[in-house]
Amino acid sequence: MRHSTFWSRCTLYLQLIRFDKPVGSLLLLWPTLSALWIASDGRPPLTLLLIFIAGTVLMRSAGCALNDYADRHFDRHVQRTCARPLASGKLAPRQALVCAAALALIAFTLLLQLNALTRALSFAALFLAVSYPYTKRFFALPQAYLGIAFGFGIPMAFAAVQNQVPLVAWAMLAANMYWTMAYDTEYAIADREDDLNIGIRTSAMTFGADDVRAVMISYALFLTIYAVFGIALHFLWPFWLGWIGAGACAIYHCTLIRARDARRCLAAFRHNSWLGAILFGGIAAQFLV
């Protein structure tokens, strides 16, 4: 009986940190890996690579626990989220906070091996992760804030490799904000009716009837910024193949969401992990050439 109870509790914690839904970790990981590759001219040290992969997964997991803590009173009124451990009452709010703190502490322990600039940036990253869930109460475009939070591994990667944060890192962070605006608006379109009922703010509500157009513009700005620094850094043809592939994915996503069907919007959101993978593949491959 105790063995069964232990594994049941473990399952609840794994659900809390979305262990069964790795797409969120991938959406953080691809831009971080892209930054590592660019910062190191395609030769990131193995130690740094492992630290950033582990840190990304840990902080995404901690962010999920914090998000569910902040939204626990909202989630119970949404069909898609009412069964989550906190919303359903299977885990207590204090347990979610302890879980998030433990994961963040492990991530920070990894960062102790890096330079002072990277450690300093990690505090900004932590602030963004903790504060993001509350922006949905008052900010018209919380997806933009999420994009900065999700992309903060980019300046940290450059800081870890070069001990500075050059202009290209901030350009990549801006691009990531627009990419996040695109895919999280797709997600928000699927939840719009529930979000309207419970009173939280999302880009899907702010854009209204122009939501699909806003997604298309966000993808276009994201890809434009990548093209600009690709030209500035004299990237080679593999990068441009990856860029074209990412653009094709964006066009495909826009065809999925134009009818605003919730299932297809969520499919478009999940497919962004492939967009990120293709773009990273082009970046990595061009350094091999």
Side-chain angles (χ1 to χ4, degrees), residues 1-30 32 50-111 122 125-126 128-137 142 146 149-150 153 183-184 186-188 190-195 197-200 202 262-263 265-274 276:
M1 180 64 71
R2 289 182 178 180
H3 181 75
S4 177
T5 302
F6 171 77
W7 284 112
S8 296
R9 185 52 58 96
C10 286
T11 300
L12 290 174
Y13 279 105
L14 291 175
Q15 291 173 355
L16 176 69
I17 64 173
R18 312 288 198 278
F19 184 79
D20 57 330
K21 297 178 180 178
V23 63
S25 294
L26 292 173
L27 292 173
L28 273 75
L29 191 59
W30 295 129
T32 303
L50 295 176
I51 287 174
F52 272 91
I53 290 174
T56 297
V57 174
L58 286 166
M59 286 308 299
R60 185 260 178 169
S61 299
C64 288
L66 289 170
N67 185 77
D68 281 12
Y69 172 81
D71 289 351
R72 63 193 186 278
H73 299 304
F74 296 128
D75 285 346
R76 66 187 55 168
H77 300 292
V78 178
Q79 183 177 0
R80 189 177 53 79
T81 60
C82 63
R84 287 178 177 175
L86 278 185
S88 63
K90 295 175 183 176
L91 285 179
R94 179 180 60 83
Q95 293 172 310
L97 290 178
V98 170
C99 177
L103 293 169
L105 182 60
I106 296 170
F108 184 72
T109 301
L110 294 174
L111 289 175
S122 73
L126 179 62
L128 291 167
V130 171
S131 57
Y132 159 69
Y134 297 97
T135 62
K136 291 179 281 187
R137 273 73 166 168
L146 178 65
F150 265 28
Y183 65 65
D184 211 57
E186 293 167 350
Y187 191 95
D191 282 350
R192 177 158 37 203
E193 294 305 318
D194 287 323
D195 291 338
N197 291 333
I198 60 181
I200 64 173
T202 72
R263 183 180 58 82
C265 287
L266 291 175
F269 164 77
R270 290 190 293 268
H271 196 264
N272 275 275
S273 62
W274 287 105

Minimum heavy-atom separation for [X] to [Y], with atom names?
X	Y	answer
Pro85	Leu16	CG-N, 4.0 Å
Met59	Ala104	SD-CA, 4.0 Å
Ala190	Ala262	CB-O, 3.7 Å
Glu186	Cys265	O-CB, 3.4 Å
Gln95	Tyr13	CB-OH, 3.4 Å
Tyr132	Pro142	CE1-O, 3.5 Å

Could you go step by step and tell me if Leu86 and Arg76 meet the side chain to side chain contact (heavy atoms under 4.5 Å, CB included) rule? CA-CA 9 Å; Leu86 278 185; Arg76 66 187 55 168; over 6 Å; no

Considering residues at least two apart in sequence or located in another chain, which fulfil the salt bridge (charged side-chain N to carboxylate O under 4.0 Å, His left out) criterion with Asp184?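 Scan of Asp184 (salt bridge (charged side-chain N to carboxylate O under 4.0 Å, His left out), adjacent residues dropped) gives none.
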
Note, Ile17 side chain near Leu103 side chain (heavy atom, < 4.5 Å): yes

Do the ring planes of Phe150 and Tyr183 sit parallel (below 30°), tilted (30 to 60°) or perpendicular (above 60°)? tilted

Taking atom [atom1] of [X] and atom [atom2] of [Y], what is their separation to the nearest 0.5 Å?
X	Y	atom1	atom2	result
Ser88	Leu12	OG	CG	7.5 Å
Arg60	Leu29	CZ	CG	11.5 Å
Phe19	Cys64	CZ	SG	12.5 Å
Trp7	Leu14	CH2	CG	8.5 Å
Asn67	Phe74	CG	CZ	11.0 Å
Thr56	Leu26	OG1	CG	10.5 Å

Tyr134 OH: over 12 foreign heavy atoms closer than 6.0 Å: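 Count over threshold, so yes.
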
Decide yes or no on side chain to side chain contact (heavy atoms under 4.5 Å, CB included) for Val23 and Arg18, but give the supporting numbers first. CA-CA 9 Å; Val23 63; Arg18 312 288 198 278; over 6 Å; no

Yes or no on side chain to side chain contact (heavy atoms under 4.5 Å, CB included) for Leu146 and Leu128, after CA distance, side-chain angles and deciding distance? CA-CA 8 Å; Leu146 178 65; Leu128 291 167; over 6 Å; no

Identify the residue among Asp20, Asp71, Asp75 that makes a salt bridge (charged side-chain N to carboxylate O under 4.0 Å, His left out) with Arg84.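 That would be Asp75; it is the only one of Asp20, Asp71, Asp75 passing the salt bridge (charged side-chain N to carboxylate O under 4.0 Å, His left out) with Arg84.
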
Determine whether Asn272 and Trp30 satisfy the following criterion, side chain to side chain contact (heavy atoms under 4.5 Å, CB included), listing intermediate values before the conclusion. CA-CA 10 Å; Asn272 275 275; Trp30 295 129; over 6 Å; no

